[in-house]
Participant: 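First, the structure itself, so that you have it in front of you.
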There are 2 protein chains.
Amino acid sequence: MKKHIKHDPQACSKKMLPIQDALEILSGKWKLPILVALMFDVKRFSDLSKEIPRITDRMLSKELKDLEMNKLVKRTVYDTFPVTVEYTMTEYGRSLKKVIEALGEWGEKHREKIMSE
Amino acid sequence: MKKHIKHDPQACSKKMLPIQDALEILSGKWKLPILVALMFDVKRFSDLSKEIPRITDRMLSKELKDLEMNKLVKRTVYDTFPVTVEYTMTEYGRSLKKVIEALGEWGEKHREKIMSE
DNA sequence: TATAGCACTATACTCTAGTATAGTACTTAC
DNA sequence: GTAAGTACTATACTAGAGTATAGTGCTATA
């Protein structure tokens, strides 16, 4: 039985906040699929709807709005008929790549570990 | 208006699965606070309960069970009076450090960006 | 004998994320 | 004039995450 060292809760929550911010931005069932779909290409609403299995229009619309608010995705409307709207990943959105890769690498290892137990 | 290149949905979902696994393990309101609290010290149930503001016993118990199942945390019972139970981060749990740091760094930048818009 | 501390569990509730389904506004092509 | 395509919005529902509150079993100390 080891000694229990007290943590400084102030310093701790200071570190926690950005972590939880980041996590919240990626959280939910659909944010990652959308971001990954946009990581390499520009896409329209209907493209995303087709490419992301089982997502509803409502969710897609809602999540895209969220991502736009956080400046990860840019929305461009073209004055065509019918209207077309393009969604692009911003440079800033691309800065998430490292985070997503870190998650992916760890997730891969985790799959192996849990499968082989 | 750019060309739209089709993505291979098979290859895409293959990459997505581990990312979502990782995200699921960290998801929810309390997983990260618990992991961060255990990152440096061994802690008992009551220590964690005190250190993590506003967490209920029910949630703490539930989330610790989850983390234990995923081999991120180890639970050790000591035959004292009253019983004491220690929670330790496993070596494997520590392997999440890089992911958490990546999240933290990005979250920090994001805070600055959003605040200064 | 009563009380207090530890590590939970039980029950009931609320609230939010996500689903299901349908409908809108616009215009061009038939 | 009506059908079809695009990018949504509205409404209603469901399920699961999280909250609030109370109670359990153990025993050492007062």
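Side-chain atoms are counted along with the backbone in the values below, which use heavy atoms only and exclude waters and symmetry mates. Numbers restart at 1 for each chain; the letters A, B, ... are given by sequence-line order, proteins then strands.
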Participant: Expressed in angstrom and rounded to an integer, what is the separation of B/Ile55 atom CD1 from D/dA17 atom C1'?
Facilitator: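 Interatomic distance, CD1 of B/Ile55 to C1' of D/dA17: 13 Å.
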Participant: Would you say A/Tyr87 reaches D/dC8's phosphate, i.e. side-chain N/O to OP1/OP2 under 4.0 Å?
Facilitator: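 Looking at the OP1 and OP2 atoms of D/dC8, one of them is under 4.0 Å from a side-chain N or O of A/Tyr87.
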Participant: Sugar-phosphate atoms are those with a prime plus P, OP1 and OP2; base atoms are the rest. Using that split, label each nucleotide of nucleotides 24-30 of chain D B, S or - for protein heavy atoms under 4.0 Å, 5' to 3'.
Facilitator: ---SS--
Participant: Nearest heavy-atom pair of A/Ala22 and B/Trp106: which atoms, and what distance?
Facilitator: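 Where A/Ala22 meets B/Trp106 most closely, the heavy atoms are CB-CE3, 3.9 Å.
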Participant: Rounded to whole angstroms, how far apart are CG on A/Asp47 and C1' on D/dC8?
Facilitator: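 The answer, rounded to whole Å, is 15 Å.
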Participant: If I compare all heavy atoms of B/Gln20 with all of A/Lys29, which pair ends up nearest, and what's the gap?
Facilitator: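 Heavy-atom minimum between the residues: NE2-O, 3.4 Å.
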Participant: Rounded to whole Å, how long is the line connecting atom CG of A/Asp79 with atom C1' of C/dT27?
Facilitator: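 In whole Å, C/dT27 C1' lies 11 Å from A/Asp79 CG.
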Participant: Hey, can you pull the residues of residues 63-73 of chain B with a non-hydrogen atom under 4.0 angstrom from DNA chain D?
Facilitator: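 Nucleic-acid contacts, sorted: none.
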Participant: Within the pair A/Ser61 and D/dC8, is there a side-chain N or O less than 4.0 Å away from OP1 or OP2?
Facilitator: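 For D/dC8, neither OP1 nor OP2 has a side-chain N or O of A/Ser61 closer than 4.0 Å.
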Participant: What is the distance, to the nearest angstrom, from the NZ atom on A/Lys43 to the C1' atom on D/dA7?
Facilitator: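 To the nearest whole Å, that distance equals 17 Å.
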Participant: List the atom of B/Val83, the atom of B/Val77, and the distance in Å for their closest heavy-atom pair.
Facilitator: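 So the minimum-distance heavy-atom pair works out to CG1-CG1, 3.7 Å.
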Participant: Are A/Arg94 and A/Glu91 close enough, and set up right, to give a salt bridge (Lys or Arg N to Asp or Glu O under 4.0 Å), and what steps lead you there?
Facilitator: CA-CA 5 Å; A/Arg94 264 173 237 293; A/Glu91 260 323 297; 3.5 Å; yes
Participant: Over 60° means perpendicular and under 30° means parallel, so tell me whether A/Tyr87 and A/Phe45 are parallel, tilted or perpendicular.
Facilitator: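 Rings of A/Tyr87 and A/Phe45: tilted, 30 to 60°.
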Participant: For the pair A/Lys43 and A/Glu86, find out whether any cationic side-chain nitrogen is under 4.0 Å from an anionic carboxylate oxygen.
Facilitator: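 The answer is no: the pair does not qualify as a salt bridge.
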Participant: When rounded to the nearest 0.5 angstrom, what is the spacing between CD in A/Glu63 and CG in A/Leu32?
Facilitator: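 Answer for the CD-CG pair, A/Glu63 versus A/Leu32, is 11.0 Å.
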Participant: In this structure, how many angstroms lie between the C1' atom of D/dA7 and the CD atom of A/Glu86, rounded?
Facilitator: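 After rounding, the reported distance stands at 14 Å.
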Participant: The side chain of B/Arg75 is closest to which nucleotide in this list: C/dT9, C/dA7, D/dT9?
Facilitator: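 Output: C/dA7.
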Participant: Indicate the atoms forming the closest heavy-atom contact of B/Leu48 with B/Ala37, along with that distance.
Facilitator: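 For B/Leu48 versus B/Ala37, the nearest heavy atoms are CD2-CB, 3.9 Å.
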Participant: Among the nucleotides C/dG18, D/dC8, C/dA7, which one has an atom lying closest to any side-chain atom of A/Lys29?
Facilitator: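 Looking only at side-chain atoms, A/Lys29 lies closest to C/dG18.
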Participant: Show the nearest heavy-atom pair for residues B/Met39 and B/Ile100, with the distance to one decimal.
Facilitator: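 Reported closest heavy-atom pair: CE-CD1, 3.8 Å.
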Participant: Between the protein and nucleotides 11-14 of chain C, list the N/O to N/O atom pairs that are separated by less than 3.5 angstrom.
Facilitator:
| unit_1 | atom_1 | unit_2 | atom_2 | d |
| --- | --- | --- | --- | --- |
| C/dT11 | O4 | B/Arg58 | NE | 3.1 |

Participant: Whole angstrom is fine here: how far is it from CE in A/Met59 over to C1' in C/dA17?
Facilitator: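 The answer, rounded to whole Å, is 6 Å.
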Participant: Counting N and O atoms only, with roles assigned by atom type, does the side chain of A/Arg75 sit under 3.5 Å from a partner on the main chain of A/Glu68, one being a donor and the other an acceptor?
Facilitator: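 No; zero donor-acceptor contacts below 3.5 Å.
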Participant: Are A/Lys62 and C/dA17 close enough that a side-chain N or O sits under 4.0 Å from OP1 or OP2?
Facilitator: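 No.
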Participant: Ion pair present between B/Lys98 and B/Glu101, side-chain N to carboxylate O less than 4.0 angstrom?
Facilitator: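 B/Glu101 and B/Lys98: not salt-bridged.
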Participant: Grab the CG-P distance between B/Asp57 and D/dT21 for me, whole Å please.
Facilitator: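 In whole Å, D/dT21 P and B/Asp57 CG are 13 Å from each other.
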Participant: Please state whether the phosphate of D/dT6, meaning OP1 or OP2, lies under 4.0 angstrom from any side-chain nitrogen or oxygen of A/Thr84.
Facilitator: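 Indeed not, no polar side-chain atom of A/Thr84 lies that close.
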Participant: Which heavy-atom pair separates B/Tyr92 from A/His110 by the least distance, and what is that distance?
Facilitator: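 Looks like OH-ND1, 2.6 Å.
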Participant: For the pair made of CD in A/Glu24 and P in D/dG18, what is the distance, rounded to whole Å?
Facilitator: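 My rounded result for the distance is 12 Å.
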